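Source: prediction; values computed, not measured. Labels below follow one simple rule: chain letters A, B, ... track the order of the sequence lines, proteins then strands, and each chain is numbered from 1.
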Protein chains: 2
Amino acid sequence: MKLINRDVDYAARALTFMARANKPTVSVAQMQEQVGVSGPFLRKIMQKLHKAGIVHAVKGKGGGFAMARNPDKVTLKQLMETLQGPLRLNDCVFGEKICQRHAACVLRHKIAGIESRLLAEVAAVTIKDLA
Amino acid sequence: MKLINRDVDYAARALTFMARANKPTVSVAQMQEQVGVSGPFLRKIMQKLHKAGIVHAVKGKGGGFAMARNPDKVTLKQLMETLQGPLRLNDCVFGEKICQRHAACVLRHKIAGIESRLLAEVAAVTIKDLA
DNA sequence: GGTTAATGATACCACACGGGTATCATTCTG
DNA sequence: CAGAATGATACCCGTGTGGTATCATTAACC
Ligand code: FES
Ligand code: FES
């Protein structure tokens with residue numbers, strides 16, 4: 001059971017790096033050594049962050065990426081949602097069609113509670129906390 | 001990100017069934033319809049639970065499985081550990097060898113905190129709660 | 001305007017894992 | 001001995017994840 005995958009891990013590092021850098025833009029080439037990952041792979045991650053509006057990108061020579069919001073406005077939860085898909089820990093493994101117990105299912109109920117508390121926790125961690 | 005997988009889900013149902021049944025032993029054949037899973041698959045799960053000492057097994061005609069402890073002594077955490085491996089949400093994705101920052105890493109620190117609270121939650125849910 | 005340095009967009013690959021089935025061996029009851 | 005149950009394995013297959021490669025596009029600088 002993984003809470004976060006590598007994408008999220010690398011993204012957290014890259015963003016932390018950017019937050020500390022305090023430059024207008026940071027290129028992948030400048031980050032890759034510190035982050036400790038190959039250039040192409042890091043680019044793919046940054047592109048996803050770009051699509052999600054977490055960073056903005058400047059193309060062309062001298063370009064790179066920059067944070068689109070303040071570091072304390074970017075949460076771990078957002079990174080997880082962006083890079084590993086929507087965060088539903090467990091809706092019933094069987095579709096609601098098959099499962100008659102859905103409403104009454106105690107296990108699902110318990111897990112829903114755990115889930116909501118977990119989400120609150122990952123939403124409370126920001127890049128600022130990491131930098 | 002899945003909190004529990006199907007094995008755990010089915011196991012929870014099967015154990016709940018057994019807890020309510022209150023018979024000396026329950027065979028897979030008796031459970032499979034209620035649990036909603038094929039016989040062979042459920043057997044594989046039960047065998048793992050047996051190895052883990054959560055149920056005991058009686059072979060031969062008239063045999064089956066029975067809970068080895070009281071339902072309030074079997075926790076969701078134990079099922080998860082048994083059926084999906086040890087529960088470390090995230091030790092550093094890179095081995096400790098590569099990662100120099102291990103001790104200082106803020107992200108790891110945050111996640112460790114989240115993890116311990118999550119484990120406490122899954123350890124608090126017992127089969128008795130579900131039955 | 002051409003070269004170079006950067007991102008954008010895809011397409012692809014290889015491996016591990018999860019979910020599930022099949023098969024044969026073993027043990028107990030009657 | 002026959003039948004009913006678990007024990008132990010071995011296998012399969014679809015999907016997800018980590019990672020690479022390639023080409024297109026944009027902007028700066030000489
Ligand atoms: S099994 Fe479907 S909700 Fe519990
Ligand atoms: S990256 Fe290794 S512990 Fe943070």
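Separating the CD atom of Q84(B) from the C1' atom of dG18(C) is a distance of 11 Å, rounded to the nearest angstrom. Rounded to whole Å, atom C1' of dT7(C) lies 14 Å from atom CD of Q30(A). Here the C1' atom of nucleotide dC17(C) and the CG atom of N5(B) are 11 Å apart, to the nearest Å. For the pair Y10(B) OH and dT21(C) C1', the computed distance is 14 Å after rounding to whole Å. Straight-line distance from the CZ atom of F41(B) to the P atom of dG19(C): 7 Å, rounded to whole Å.
Residues V28(A) and F65(A) form a side-chain contact, since some pair of their non-hydrogen atoms from C-beta on lies under 4.5 Å apart. Using a 4.5 Å heavy-atom cutoff, the side chains of L3(A) and M80(A) are in contact.
Proximity of residues 44-64 of chain B to DNA chain C (heavy atom under 4.0 angstrom from any strand atom) is restricted to K44(B), K59(B), G60(B), K61(B).
No side-chain N or O of R20(B) forms a donor-acceptor pair with one of Q34(B) less than 3.5 Å apart. Residues Q84(A) and R6(A) bring no donor and acceptor atom of their side chains to less than 3.5 Å of each other.
In summary, D9(B) and R108(A) engage in a salt bridge, as defined by a charged side-chain N under 4.0 Å from a carboxylate O.
Taking 4.0 Å as the cutoff to heavy atoms of chain B, we find the contact window on DNA chain D bounded by dG3(D) to dA8(D).
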Exercise. Between L79(A) and D7(A), is a side chain to side chain contact (heavy atoms under 4.5 Å, CB included) present by the stated rule, with each step listed?
Worked result: CA-CA 9 Å; L79(A) 296 185; D7(A) 281 12; over 6 Å; no
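For Q32(B) (side chain) and S38(B) (main-chain N/O), no donor-acceptor pair under 3.5 Å exists by modelled atom type.
The side chain of R6(B) contributes an N or O atom lying less than 4.0 Å from OP1 or OP2 of dG20(C).
Applying the 6.0 Å contact sphere to NZ of K48(B) captures more than 12 heavy atoms from other residues, nucleotides or ligands.
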